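As the structure is a computational prediction, the values presented were derived from the model and not from experiment.
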Amino acid sequence: MKPRGSDAGKIRKAAVSCLLLCSVLLGGCWDRREVNDVAFVMGTGLDKEGDQYRVTMEIALPGQLGTSGSTGGGGGTRGTKSYYLESKTGPSFRGASTEEQRGVSRTLNFSHRRVLLFGESLAREGVGKMMDVLARIPQNRLSSLVVITKGSALDVLQADAPIEQYPAEMVRELNFSYMKKPRSIKLLMNSILLDGIDPVVPVMSLVKNGPANIKDKKTNIQVDGLAVFRKDRVTGIIDNHLSRFLLLGMDQAKETEIFISPPKGTGYLSVHLIENNVHIKPYIRGDDIRMTIRLNCNGNVREDETTFDISNEQNLRWLEQQVAEEIKKELGEAVRVIQQKYHSDVLGLGRVIIMSRPDEWKRIKPQWDQLYPKVEVTIDPIVHIENIGAVTKPFGIKKEQIQNE
């Protein structure tokens, strides 16, 4: 039976009223935020000035992002740089950030932050307490990469870095080319909070390109080695030479090139290690603790500027042995420095004991700080050269000058 006319009208009115009520209650855009209301922070630098923290934020200027490689002054959307620096001081990380918000007309947004830079002097005092705000506010990304700067972080963030759109992006790319697994905030905090391992973070600095007599030089950023920590404090910096071997021992080396002198004559043979695997084996008898670090490395010959013939099988084996000896010597020196000078267990020797001999670790843990510098470490590298390049004999050397022995 069909409803009568008056009943159908009441149903239609009720349906319309319900739809109007839903349109008020379900306002889907109540928390919307337009892109032109937000300032995206791409990198943050922290320095210490007296008892205050200086926080520098590198803010992207979307209107200039198509002008990579441009030069000239920045600041404001009418500048020619693709970023803008805002720097203020405050009693804490958050306190300085709040001060900066007062001077920026848009809401600061940290969800796209690439890197977090700590000035060396601040990092030597400890970074642990500044990490709280990064974990407490979900907008902060724990995947942001951490770097220690020689000098102030502010200086590095205002480099010209002409090859990238902003310096923070260059710092990020350098990290990925330097280590297999760059140190993010999450990895840094894991190393600080775990027993048996200390953090290690790349060091970068500001440099000017080219010789001193070149005018209008640009400032750039370069990797200067590794900062080694004890708990949350930087205790020392390993220079570029030794840090390459330390990364090998950590199984974190991305691009390692080793130069060997020939048995006769001058020049160098360059071997590029393309792959390495590390296995650390402990030996524990009471307080007598020893570790064997075994490395398996594969490499290619990248350059031969000598008269030494590496197409000879015996000579190639000699070259592999020399590379292994070089790793043994330089990694051994790096281990001695971190053990006895900086007291930093960046190789995770304590972690090896925890994972393989947990009962022994319970006994050793209270004295680990005293025992660690005395741990005897043996380096045992095995090198295999897979490829000597497109030419087998030294290119540009006459046949009678090539050494076969």
Side-chain angles (χ1 to χ4, degrees), residues 118 120-121 123-127 146-151 175 178-183 187-188 191-192 194-205 222-259 273 276 278-283 287-295 297 323-353 364 367-381:
F118 290 98
E120 182 185 342
S121 59
R124 285 184 181 276
E125 293 183 9
V127 301
V146 182
V147 164
I148 305 300
T149 62
K150 276 186 178 176
N175 266 282
Y178 188 60
M179 300 178 72
K180 285 182 183 176
K181 191 181 290 184
R183 304 293 100 167
L187 286 177
L188 174 66
S191 301
I192 290 174
L194 279 175
D195 284 335
I197 190 168
D198 287 313
V200 60
V201 171
V203 176
M204 296 188 190
S205 66
Q222 71 175 15
V223 181
D224 275 337
L226 289 169
V228 295
F229 286 64
R230 179 72 183 130
K231 304 299 182 186
D232 73 328
R233 298 170 186 267
V234 170
T235 54
I237 291 178
I238 307 295
D239 65 29
N240 250 332
H241 176 71
L242 281 187
S243 67
R244 291 188 295 125
F245 293 93
L246 189 57
L247 285 172
L248 274 179
M250 294 167 57
D251 200 8
Q252 287 296 316
K254 192 79 179 285
E255 297 284 341
T256 303
E257 205 139 339
I258 295 176
F259 299 90
L273 300 181
N276 75 293
V278 180
H279 178 69
I280 303 178
K281 186 177 180 181
Y283 169 88
D287 289 347
D288 179 14
I289 303 173
R290 305 174 198 173
M291 295 280 173
T292 300
I293 302 178
R294 179 159 294 169
L295 300 96
C297 306
V323 174
E325 289 296 324
E326 185 74 2
I327 293 172
K328 191 173 181 179
K329 185 184 78 172
E330 299 298 341
L331 178 55
E333 173 64 14
V335 170
R336 188 193 66 76
V337 171
I338 61 172
Q339 271 187 295
Q340 298 174 15
K341 187 175 180 182
Y342 300 135
H343 303 278
S344 174
D345 185 9
V346 299
L347 289 168
L349 302 185
R351 201 75 206 151
V352 171
I353 299 174
I364 291 169
Q367 295 87 38
W368 180 241
D369 287 351
Q370 292 75 42
L371 292 173
Y372 170 67
K374 301 174 185 173
V375 174
E376 185 178 325
V377 179
T378 302
I379 314 294
D380 182 17

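- Note that the NZ atom of Lys231 and the CD1 atom of Ile192 stand 10.5 Å from one another [nearest 0.5 Å].
- Side chain of Gln252 to main chain of Lys181: a donor-acceptor pair is present (N/O by atom type, distance under 3.5 Å, no hydrogens or angles).
- Asn240 places no side-chain N or O within donor-acceptor distance of the main-chain N or O of Ser243, the cut-off being under 3.5 Å.
- Counting only distance, with no hydrogens or angles, the side chain of Asp380 and the backbone of Ile293 share no donor-acceptor pair below 3.5 Å.
- Open room surrounds CD on Glu376; 12 or fewer heavy atoms of other groups in view lie less than 6.0 Å from it.
- Put simply, the side chain of Arg290 does not reach to within 4.5 Å of the side chain of Thr292, judged on heavy atoms.
- A distance of 11.0 Å separates CG of Leu295 from CZ of Phe245, quoted to the nearest 0.5 Å.
- No donor-acceptor pair closer than 3.5 Å links the side chain of Ser344 to the backbone N or O of Arg230.
- In this structure, the ring-ring contact (aromatic ring centres under 6.0 Å, His included) partners of Tyr372, at least two apart in sequence or on a different chain, are Trp368.
- The side-chain hydrogen bond (donor to acceptor under 3.5 Å, both in side chains) check on Arg233 picks up nothing, with sequence neighbours excluded.
- The heavy-atom pair separating Leu349 from Met291 by the smallest distance is O-CE, 3.6 Å.
- Between the CG atom in Leu247 and the CG atom in Leu273 there is a gap of 12.0 Å [rounded to 0.5 Å].
- Nearest heavy atom pair, residue Phe118 against residue Ala123, reads CB-CB, 4.3 Å.
- Side-chain contact between Thr256 and Asn276 is absent, with no heavy atoms from C-beta onward closer than 4.5 Å.
- Contact between Ile327 and Cys297 at its shortest, heavy atoms only, is CD1-SG, 4.1 Å.
- Put simply, the side chain of Gln339 gets close to the backbone of Val375: a donor and an acceptor are under 3.5 Å apart.
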key: Ile338 vs Leu347, side chain to side chain contact (heavy atoms under 4.5 Å, CB included): CA-CA, chis, key distance, verdict   = CA-CA 9 Å; Ile338 61 172; Leu347 289 168; 4.2 Å; yes
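- The local environment of NZ in Lys180 is crowded, with over 12 non-hydrogen atoms from other residues, nucleotides or ligands closer than 6.0 Å.
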message = One pair to check against side chain to side chain contact (heavy atoms under 4.5 Å, CB included): Lys329 and Ile379. What are the steps and the verdict?
response = CA-CA 8 Å; Lys329 185 184 78 172; Ile379 314 294; over 6 Å; no
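- Summarising the geometry of Ile280 relative to Val352, their closest heavy-atom pair is O-CG1, 3.8 Å, with the distance given to 0.1 Å.
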inquiry  = Evaluate Thr235 against His343 for side chain to side chain contact (heavy atoms under 4.5 Å, CB included), listing each step before the verdict.
reply    = CA-CA 8 Å; Thr235 54; His343 303 278; over 6 Å; no
task = Would you sort out whether Val127 and Phe229 count as a side chain to side chain contact (heavy atoms under 4.5 Å, CB included), showing the intermediate values?
result = CA-CA 10 Å; Val127 301; Phe229 286 64; 4.2 Å; yes
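- The backbone N or O of Pro202 lies less than 3.5 Å from no partner atom in the side chain of Arg183, so there is not a single donor-acceptor pair.
- By the 4.5 Å heavy-atom criterion applied to side chains, Val203 and Lys150 are counted as neighbours.
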request  = For Tyr283 and Thr378, run side chain to side chain donor-acceptor pair (under 3.5 Å): C-alpha distance rounded to whole Å, both residues' side-chain angles, the deciding distance at 0.1 Å, then the answer.
outcome  = CA-CA 11 Å; Tyr283 169 88; Thr378 302; over 6 Å; no
inquiry  = Under the criterion salt bridge (Lys or Arg N to Asp or Glu O under 4.0 Å), I'd like the reasoning laid out for Glu325 against Lys328: C-alpha separation, chi angles, the key distance, then a yes or no.
reply    = CA-CA 5 Å; Glu325 289 296 324; Lys328 191 173 181 179; 5.0 Å; no
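- When all heavy atoms are compared, the tightest approach of Ile197 to Gly348 is CG1-CA, 3.8 Å.
- Rounding to the nearest 0.5 Å places CD of Glu330 at 11.0 Å from CG of Leu248.
- Rounding to the nearest 0.5 Å places CG of Asp287 at 5.0 Å from CG of Leu371.
- The distance from the CD1 atom of Ile148 to the CG atom of Asp224 is 12.5 Å, given to the nearest 0.5 Å.
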